[in-house]
Number of protein chains: 2
Amino acid sequence: MAITGRRPLSRRRILETAVRFVDREGLDALSMRKLGGELGVEAMSLYNHVPNKGALLDGMVEVLLGELEVPPESDNWEDRIREAYRRFRRMAHDHPDIFSLLITRPPEAMYGVWLAEEFLKTLREAGFEPRMALHAFRALNSYTVGYAMAEIRNFALEPGGSRMGAQQLSEDEFPRLSELKPHLEDVDRDAEFEFGLGLIFAGLRERA
Amino acid sequence: MAITGRRPLSRRRILETAVRFVDREGLDALSMRKLGGELGVEAMSLYNHVPNKGALLDGMVEVLLGELEVPPESDNWEDRIREAYRRFRRMAHDHPDIFSLLITRPPEAMYGVWLAEEFLKTLREAGFEPRMALHAFRALNSYTVGYAMAEIRNFALEPGGSRMGAQQLSEDEFPRLSELKPHLEDVDRDAEFEFGLGLIFAGLRERA
DNA sequence: TCTGTTGACTTACACTGTATATTTACCTCG
DNA sequence: CGAGGTAAATATACAGTGTAAGTCAACAGA
């Protein structure tokens, strides 16, 4: 009988299993029954630990944000903030579907308070007024979220993004896009991301 | 008998009805049966004009992007681009759920080619090298998408966002957030958005 | 008028989230 | 040891989902 007793179910274990499952099979594949199966349990058992599927999704986001660590203090505030956003972006790469969830769902709880607090502290110590710190915070957030999301979709808003080869777009209808084509393949995304951050920092420095 | 003949079904009419429906009832409320009902028709009839629900969603995005107009030529390239992003952001406000779809779904077709082409043309004429134009394009896109999305979620990553009053966060645990609280309410979002754009433009000007 | 095609309808199926009721497993107390 | 209570897993059920397959009626062109 000892054998039959599986590892005990818990909110934590459910959420972590769900994260792994979605990373592996995609968000659309996630159903309460399949997740139950993954845990060797009936679907309804999950409801003892999670009120409904929406809360499950929120919980998965929570898990991910919980794993984010604030970079260590440093005398270079810009580097520290850059590093924080690097980690955020890496999270998007590692868990694309859940990242989409994160930026899509109107969450109940306040997820990233520590992150925000730490971030603002850094900016304030760097000399920004509260209001300006808020603007900077939001600008950097927006840029990073947007860039990471575009990467996840493989820049699908642009031509050359994921599928379409260039054969489709005629050179005289879209000359600018065509001339860009050779570059599209070999852009270093890490560098491009940092470049974009740099643009914002440059603007901020002007106004600090 | 003439009366019974409803306005004819068509892909176009289906998509436009779906857009209105989602704007009114939310994306979760959209089902093939309800959309059929909206059009006075059975669910399965929709499949004569749309291969499946995914294509329906893509089509809705397509409709919205089709309504986006490129601002008229102007001798001030920066203003022109700003205006384009203003319209993009306005679209997000007017159709929040579909905007989420737009940035979330990996699309089949190349949606915004004209927009991209026109945009790049402007940047190239402003003197940017193709590669730099691409970076600028992506940076501005990312920022705008991210900001608009944050607005839609009412900046829910931050405290004070939508729900939580400040009562929740203790002043000595989160001093920076607390000092920010009075500002959170009366930030002019239009101005803040423009400010963020300005940061990026400033950085670009340095490097043009 | 006959015929072929198009598009709407009907039915059916597998699957979803979850409310409700029931059973099982375990802990504590006598 | 057994009894009782409690928490959690299960079983059953229902309304709603996307959509495959088959039917049927209205219209087009010959």
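Keep in mind that this is a model prediction, so the values were computed, not measured. Labels below follow one simple rule: chain letters A, B, ... track the order of the sequence lines, proteins then strands, and each chain is numbered from 1.
Rounded to a whole Å, the CZ atom of B:R11 is 14 Å from the P atom of C:dG7. The CG-P distance, from B:D28 to C:dG17, rounds to 13 Å in whole Å. In this structure, the NZ atom of A:K34 is 9 Å from the P atom of C:dC15, given to the nearest Å.
Separating the CG atom in B:L65 from the CZ atom in B:F99 is a distance of 9.5 Å, to the nearest 0.5 Å. Note: B:R176 CZ to A:L134 CG = 14.5 Å, rounded to the nearest 0.5 Å.
Evaluation of the side-chain contact (heavy atoms from CB on, under 4.5 Å) rule for A:P96 yields A:I152 as partners, not counting sequence neighbours. Legend: residues meeting salt bridge (Lys or Arg N to Asp or Glu O under 4.0 Å) with A:R90, ordered by chain and number and at least two apart, are absent. Take B:F128 and apply the ring-ring contact (aromatic ring centres under 6.0 Å, His included) test, not counting sequence neighbours, and it matches B:W77.
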For residues 30-37 of chain B, please give each side-chain donor-acceptor pair under 3.5 Å, one per line with the distance, not counting sequence neighbours.
unit_1 : atom_1 : unit_2 : atom_2 : d
B:S31  : OG     : B:R33  : N      : 3.4
B:S31  : OG     : B:K34  : N      : 3.1
B:K34  : NZ     : B:A29  : O      : 2.9

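Nucleic acid contact class of B:L35 (heavy atoms, under 4.0 Å, all strands): none.
Ion pairing between a basic and an acidic side chain is recognised when a charged N comes within 4.0 Å of a carboxylate O; A:R89 and A:E194 show no such pairing.
Taking a 4.0 Å limit (strictly below) on heavy-atom distances, residues 41-53 of chain A reaches DNA chain C at A:M44, A:Y47, A:N52, A:K53.
If you walk DNA chain D from 5' to 3' and mark each nucleotide with an atom closer than 4.0 Å to a heavy atom of chain B, the marks span D:dT17 to D:dA21.
For the residue pair A:Y147/B:N141, the side-chain donor-acceptor check at 3.5 Å is not satisfied.
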